[in-house]
Structures are given as C-alpha cells and as structure tokens.
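The figures that follow rest on heavy atoms only: side chains count, while hydrogens, waters and symmetry mates do not. Computed from a prediction, not measured in an experiment: that's the story for all the values here. Labels below follow one simple rule: chain letters A, B, ... track the order of the sequence lines, proteins then strands, and each chain is numbered from 1.
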Amino acid sequence: MTAARDAILEAVRDALEQSTRDTETIATEARMLLDDLDEVRPVLPLPDWVASFTNRVEGPKVGATVERIAEISDLPAAIARRLMEAGHEAKVTLQPTRVLKELDWPAAGVRLGDDVDDAVVVGLALWGIAETGSLVFHSSPETPILHNFLCATHIVAVHSSTIVPYLEDYAAAARKRGDPAPRNACLITGASGTTDIEGSLVKGAHGPRELHVIVIDDNGV
Amino acid sequence: MQAKKATFKERARAALADASLKIAIERTAGNAERKRASAVCDFPQFAAARERGRRIKDHVIANLGHYLVEFERNAIASGAKVHWARTSEEASRIVIDICRSAHARRVTRSKSMLGEEIGLPHALQAAGLERVETDLAEHIVQLADEAPSHIVWPAMHKTREQVAALFKARHAIPPASDLIPDLVESARRDLRQKFLSADIGISGANFLIADTGAVCTVTNEGNAELTTTPPPVHIVTAGIEKLVPSIEHAFALLRLLVRSATGGDFTQYTTFHCGPKRADDADGPKEFHIVLVDNGRTRMLEQGLGEMLRCIRCGACMNHCVVYRQIGGHAYGATYPGPMGSVLTPVLSGLPHSRDLPHACTLNGKCAEVCPVEIPLPTLLRGWRDRSWKEGLEPQTVRFGIGCWAFVARRPALYRLASAMATRWMRLFRNRGWIRWMPLAGGWTAHRDFPAPQRTTFIHAYKASRRENSR
C-alpha cells in the first residue's frame with residue numbers, strides 16, 4: 001500500500017524533475033488561474049439574478065417549470081395548485097426540514113406521506129445559481145440525498161435571497177457558512193434525463209421525471 | 001455483432017461493412033456535433049475559457065505531487081480511506097479486497113472510463129460478484145455482453161431497434177414498445193430495486209478537489225447518486241490526473257466539459273462526495289474509499305506525453321473525427337477509441353500491439369480544434385508514428401515503399417522525371433477527368449475514383465509561366 005504510494009509520488013517527482021516548489025508559490029499560481037472570471041464565463045442574460053435564474057430554469061437547456069410566490073406560507077397552496085394542474089394526487093413527501101414541516105399543509109388540502117420512491121417530493125434548496133439554473137442541496141440530518149433522486153416529481157422551493165449569480169458565488173457562499181464540507185453537495189439542474197439511445201433526450205431516466213421550482217420572494221426581508 | 005477480430009484493419013473492414021452501425025453513429029455523433037457547435041456559439045467566452053482550462057490542467061500536472069498529497073490529506077481528514085495503485089491489476093485487487101471484506105454480493109457501478117481501463121467489470125465478475133451497470137448505456141452494453149464504443153455514449157453503436165430487441169429478451173417486464181421513452185422506462189423499472197439492494201456502489205471521478213478531499217461526479221441520469229448513496233460502502237476509482245486545486249477550478253473545467261461533450265451548459269446532476277455519511281446524516285455510505293490509479297500516467301509524464309493528461313474525457317475529439325465516424329469505437333479494440341484513444345492506447349497496451357491506431361488518422365486537425373483543453377492530438381499521434389518507425393515496428397512493405405520514395409525525393413532531377421512519367425501513365429486510364437481503375441491502384445479505386453492528374457506537372461507549369469512572364 002505505502003509502497004505503491006511512494007512509488008507513484010517518486011515517479012511523479014522524477015518525471016517533473018523540478019526542485020520542490022513551496023506551497024505558497026503554488027497557491028498563488030492557483031489563485032491567479034481564477035482571476036478575471038468574467039472573461040471566461042457566460043454573461044447573465046438579465047441584470048437581475050433572480051430573473052436570470054427563473055429564465056434559465058424555464059429555458060430549453062434546463063426544461064423545468066418555475067413560479068414565484070410572495071411568502072413561504074403560500075407554498076402549500078402553490079403546490080396544491082401545481083399538483084392539480086399536472087393531474088397528480090394532492091399528496092407529497094417533505095424533505096424532513098423544520099421550515100417545511102411547520103407549514104400548514106392540511107389547510108391547502110395537501111396530504112403528507114413518507115413514501116419517497118416514485119412519489120412527489122418537496123424540498124428546500126440552500127441556494128439557486130442563476131448562471132446554470134441549478135439548485136443546491138447539502139446532505140444533513142434534515143436533507144436525505146435520496147429524496148432528490150428517487151421521487152417521480154421533484155418540487156423545489158428556494159428563497160430569492162439565496163439565489164447567487166455564478167457557480168463561484170455558490171462556492172464562496174458555502175465557504176462563508178463555515179460548515180465543514182458535507183458528505184454530498186448536489187447541484188441539481190433539471191429533471192433526470194438521458195440521451196443514451198441514439199442521442200435522443202428522454203426525461204425520467206432513473207431520477208425525477210419532472211422538476212418544478214418555486215421561488216419565494218424574500219429579497220430585502 | 002462486432003466479432004472479435006484480431007487486427008485493427010480486420011475490425012475496421014468489418015465495421016465499414018456494417019450499415020446499421022453507420023446509422024447508429026451518425027444519429028448520436030452527428031447530433032453531438034451540432035449541439036456542441038450551438039453551445040459554443042452561445043458562449044462567446046469559450047476560446048478564453050478554453051485557454052484558462054488548459055492552464056489549470058497544466059498547473060495541476062506541473063505540481064501533481066503537491067496536489068496528490070494535499071488531496072490525500074484532506075480526504076483522510078474527511079473520513080475517507082485513500083488507496084494507491086500503480087497498475088490496473090493493483091487497482092482491481094484493491095477494489096475486490098474492499099468488496100470481500102464487506103461481504104458484498106451485489107455491486108452497482110456508475111459509468112467510469114477508468115473502471116473500464118483497469119478491467120474492473122471483468123475483475124468483479126471473476127470475483128463472483130453480481131455487477132449491475134447503472135448508466136443506461138452501460139446497462140445496454142452489459143446486457144449485450146459488449147464493450148463500450150464511446151466514452152460518453154458507450155452504446156452509441158446500437159440503434160433503437162437493437163436496444164428494443166435486447167430489452168425484450170432480457171428485462172423481466174419487457175418494454176411497452178420500441179419507442180425510446182418506453183425503452184428508458186423499461187431500464188428504469190429493471191434497475192430501481194437493484195440500486196436499493198446493492199452492498200457496494202462504485203463510481204469514477206470527474207474531478208478530485210485537492211483542498212477539500214471531495215470527489216466530483218457528473219451525470220444527467222442521476223445514477224451516480226443512486227449508486228453511491230444507498231449502499232453501506234462507496235468506492236471511487238480515479239486517475240491521478242483528475243485533480244484540481246479547488247471547487248472553483250472544477251467549475252471552470254465543467255463549463256468546458258459539458259458543452260464539449262453533449263452541447264448542454266451544465267449536467268443535470270453535479271455532485272461532490274466528501275467522506276462517508278456524517279453521524280447524524282439522513283443517508284449515505286458508512287465507508288468511503290478512494291483508489292488513486294497511476295496505470296501509465298507517470299510514464300506519460302516521463303515520456304513527454306504530459307499534455308495528454310489534460311484530457312477531461314468529453315469525447316468531442318471522437319465525435320468530430322472522420323475516421324471514428326466511419327468505423328465506430330469497437331474497431332479500435334481498446335478502452336479509449338478515437339483520437340484521444342489512439343494517443344492513450346500505445347501507453348496502456350504497448351506500441352507493438354497498437355501501432356495501427358496512430359496511423360488511423362487523416363491529420364485533418366479537427367480533434368485538436370474542438371479539444372476543450374487544447375491537446376495537440378495530431379502532434380501526439382505523429383509522435384507515435386515517429387517512434388513506431390524508429391523502433392522498427394513499421395512493416396517491411398511500408399519501410400520499403402517509404403525508402404523508395406525517399407530515394408527519389410532526395411534527387412530533384414529523378415523526382416521530376418518520375419512524376420512526369422507517372423502523370424503520363426495515369427492519364428492513360430482517365431475517363432472524363434477521373435480514373436476508375438489503374439494497375440497497382442486497386443486499393444484506392446475499389447472504393448472511389450481517383451482524380452486524373454493535369455497534363456503537366458506543377459514544376460513544368462511553373463517554369464512555363466515564368467517563361468511567359470519574363471517575355
């Protein structure tokens with residue numbers, strides 16, 4: 001085991017034939033590779049990040065649906081409406097997070113279940129990313145990863161104040177939270193899809209068949 | 001299907017005669033080519049991003065030892081177990097040992113080209129483990145008992161009709177119809193319980209993040225997370241060149257990878273796996289192993305093939321290769337097909353066994369043009385041709401032919417005489433500007449006509465025009 005490790009590191013050293021460089025020089029070089037990011041990433045289509053995000057989510061590349069609500073207390077009613085329109089039963093499984101569990105679901109006529117497999121799952125993303133239309137989940141006691149992958153219909157709520165412009169802004173925000181890196185950080189960008197047969201796109205490969213995003217407008221709150 | 005033929009030429013000939021193969025390749029690769037072009041068009045910063053991506057990879061390769069040690073330290077701190085493997089055998093043995101000590105029976109696997117490279121599918125089978133490939137294309141290839149023919153679309157060689165026949169024969173509940181959505185549904189049904197009952201999940205890595213010890217996987221199906229979350233053990237096998245300094249560097253490369261591979265802007269599921277499940281986490285594996293594999297990579301560094309370690313496995317070079325588009329991936333007879341494969345295979349299986357591959361290239365430069373990290377593929381392929389010549393691997397007929405040509409080409413008067421004679425001789429066989437048949441040219445004219453040469457040679461015409469002008 002250590003023999004293999006030493007042999008590989010030695011082979012690398014021999015091949016590169018360079019005197020050991022100090023960590024600080026390497027770190028500076030690595031940081032410089034992230035300078036002038038605007039030259040190497042796409043321009044957001046709209047000046048408003050939240051609008052860019054929703055635009056992206058609805059666009060052909062992500063192909064999900066999106067709506068905006070004023071407050072989190074409106075979420076159960078919005079979901080009830082959405083499920084009715086899509087012809088689904090008014091029954092959902094919640095990501096076991098306090099914020100979602102405390103909402104008044106019975107008042108909106110939504111029953112709560114605990115089935116995940118092929119169910120309608122409602123989750124709350126930590127962040128949205130405008131550049132890609134991604135929703136971010138970090139694994140935790142309140143965030144089972146499988147909820148996001150085993151469901152048939154994935155409904156994800158995200159606060160507009162947590163929508164960031166670029167992928168790098170998510171990385172910075174996650175660092176700023178100061179938590180140790182989670183077991184899983186999932187960036188979810190649309191429903192599950194495959195182009196494995198003749199390059200033709202089909203939704204619902206293994207994971208969710210559809211993704212609906214609900215932006216809760218809390219900017220400035 | 002694709003019979004196991006001994007040589008590249010035999011396999012290529014068989015592939016060229018396979019009409020449905022060409023239809024299958026055109027449907028997927030043609031689509032990929034168009035979608036990439038449109039994605040690049042929508043991203044005017046692509047050229048600058050590509051240059052940056054190249055610099056990131058070069059920086060990592062130049063400081064590979066530093067990043068390997070940093071990654072290992074942070075991965076261990078997150079609770080992962082890190083293993084090192086010099087060769088494919090060593091890597092497979094480490095994986096099998098982990099499976100054995102976990103008393104595993106069923107292993108799910110999310111597509112990884114490195115896994116294919118080290119012969120992991122075979123090793124798992126040989127160890128008596130039930131192997132379940134979860135990527136749809138890998139599932140198709142496993143049911144058909146074939147090898148992948150493309151690094152992004154392993155079942156590119158199959159038409160929907162062939163997949164339908166396969167699923168009807170092999171799925172407990174056959175697909176409802178031959179339509180692609182019904183085929184996808186059938187695979188979803190077949191694999192769902194297997195995901196949840198696996199003892200071990202194995203994935204590859206698109207990136208290894210040095211400053212956190214995390215492993216990044218990207219899929220559009222979501223099969224990586226379904227493979228790596230339910231079982232108690234998650235094993236990652238990754239090449240040592242997959243390192244990046246931080247998540248931001250991975251993002252810079254992901255912008256290039258996805259556009260170049262599928263023409264999308266971002267994969268549906270981009271996940272970072274860091275250590276095993278935390279104590280109170282709702283789900284996740286209890287053990288997390290990372291196997292860092294060399295298998296020829298340090299040899300590439302040593303032999304001046306370091307540029308090839310930039311490769312992020314997008315598959316654009318093969319989608320745009322005129323040779324790949326004609327013969328498909330199986331004809332290459334190796335894990336990695338197409339231009340990148342023809343550079344890698346001589347490293348992995350030795351030049352004497354693969355000297356045909358660097359020759360199966362028109363040097364049109366298309367692969368280098370679309371490569372998202374600017375790998376000079378034609379130059380590297382020419383390097384192998386050069387070595388093959390120097391090591392005496394070129395066949396006698398080739399050496400003799402090139403020897404004759406070199407003899408004539410180094411003697412201008414003789415060269416002019418020979419080309420003037422050849423022009424006259426060839427014109428004897430012309431018909432409306434084309435040669436349909438000519439002695440000694442059967443290898444060419446059996447498949448297409450040859451344009452008849454002009455009446456005079458270039459040198460002759462050049463001299464004539466100089467005379468004209470000086471009058």
**Request:** Taking all non-hydrogen atoms of both residues into account, name the closest pair between A:P42 and B:F43 and its distance.
**Result:** N-CE1, 3.3 Å
**Asked** Which of the residues B:P276, B:A24, B:G53 is involved in the greatest number of heavy-atom pairs with chain A at under 4.5 angstrom?
**Response** B:P276
**Message:** Need one label for B:H249: side chain, backbone, both or neither, based on atoms under 4.5 Å from any heavy atom in chain A.
**Reply:** both
**Prompt:** Most heavy-atom pairs under 4.5 angstrom with chain A, which of B:N223, B:D281, B:I56?
**Reply:** B:D281
**Asked** Who wins among B:I247, B:T159, B:V163 for the most heavy-atom pairs under 4.5 Å with chain A?
**Response** B:T159
**Message:** Just so I understand: if I count every heavy-atom pair under 4.5 Å between each of B:C274, B:A49, B:P285, B:G306 and chain A, which residue has the most?
**Reply:** B:C274
**Fill in**
One should read off an interatomic distance between B:L196 CG and A:D117 CG, to the nearest 0.5 angstrom, of 6.0 Å
**Prompt:** Under a 4.5 Å heavy-atom cut-off, does chain A meet the side chain of B:R192, its backbone, both or neither?
**Reply:** side chain
**Region of B:L68 in contact with chain A, defined by heavy-atom distances below 4.5 Å** = side chain
**Item:** Residue-level contacts of residues 197-208 of chain A with chain B, using a heavy-atom cutoff under 4.5 Å
**Value:** A:I197, A:E198, A:G199, A:S200, A:V202, A:G204, A:A205, A:H206, A:G207, A:P208
**Inter-residue atom distance B:E70.CD - A:T23.OG1, 0.5 Å rounding** = 8.5 Å
**Request:** Could you look at B:L254 and say if it's the side chain, the backbone, both or neither that has a heavy atom under 4.5 Å from chain A?
**Result:** neither
**Residue selection (most heavy-atom pairs with chain B, distance under 4.5 Å) from A:E131, A:E10, A:H147, A:R31** = A:E131
**Asked** Is any NZ, NE, NH1 or NH2 atom of the basic residue among B:R189 and A:D118 found under 4.0 Å from an Asp or Glu carboxylate oxygen of the other?
**Response** no
**Prompt:** Which residues in residues 132-140 of chain A have a heavy atom less than 4.5 Å from any heavy atom of chain B?
**Reply:** A:T132, A:S134, A:S139, A:S140
**Asked** From B:D294 CG over to A:I8 CD1, what is the distance, rounded to the nearest 0.5 angstrom?
**Response** 5.0 Å
**Request:** Using non-hydrogen atoms and a 4.5 Å limit, figure out which bit of B:E138 sits close to chain A: side chain, backbone, both or neither.
**Result:** neither
**Asked** Going by heavy atoms in the side chains, are A:E29 and B:N63 under 4.5 Å from each other?
**Response** yes
**Fill in**
One option among A:A11, A:A172, A:G193 has the most heavy-atom pairs under 4.5 Å with chain B, and it is A:G193
**Message:** On a heavy-atom basis, which atom in A:A15 and which in B:L301 lie closest, and how many Å separate them?
**Reply:** CB-CB, 3.6 Å
**Request:** Let me know if B:N31 has heavy atoms under 4.5 Å from chain A in its side chain, its backbone, both or neither.
**Result:** side chain
**Message:** Please classify the contact between B:T270 and chain A as side chain, backbone, both or neither, with a heavy-atom cut-off of under 4.5 Å.
**Reply:** both
**Prompt:** Side chain, backbone, both or neither: which part of B:V152 has an atom under 4.5 Å from a heavy atom of chain A?
**Reply:** backbone
**Item:** Toward chain A, the part of B:R259 with a non-hydrogen atom under 4.5 Å
**Value:** side chain
**Asked** Does any heavy atom of chain A fall under 4.5 Å from the side chain of B:L256, the backbone, both, or neither of them?
**Response** neither
**Request:** For the pair B:D283 and A:R183, find out whether any cationic side-chain nitrogen is under 4.0 Å from an anionic carboxylate oxygen.
**Result:** no
**Message:** With a 6.0 Å cut-off on the ring centroids, do A:F149 and B:Y269 count as close?
**Reply:** yes
**Message:** For the interface with chain A, which of B:E51, B:E302, B:E225, B:E185 has the highest count of heavy-atom pairs at distances below 4.5 Å?
**Reply:** B:E225
**Prompt:** Would you call A:R175 and B:E248 a salt bridge, using N to O less than 4.0 angstrom?
**Reply:** yes
**Request:** To the nearest 0.5 angstrom, please state how far the NZ atom of B:K158 sits from the CG atom of A:D196.
**Result:** 13.5 Å
**Item:** Gap between atom CD1 of A:I188 and atom CZ of B:F266 - 0.5 Å precision
**Value:** 12.0 Å
**Complete:** Rounding to 0.5 Å, atoms CG (A:L150) and CZ (B:F195) come to a distance of 9.0 Å
**Message:** Between A:T194 and B:E221, does the side-chain hydrogen bond (donor to acceptor under 3.5 Å, both in side chains) criterion hold? Intermediate values first, please.
**Reply:** CA-CA 6 Å; A:T194 182; B:E221 296 179 10; 2.9 Å; yes
**Segment of B:F288 engaging chain A (4.5 angstrom heavy-atom cut-off)** = side chain
**Prompt:** Do A:E168 and B:R255 sit within salt-bridge range, that is, some charged N less than 4.0 Å from a carboxylate O?
**Reply:** yes
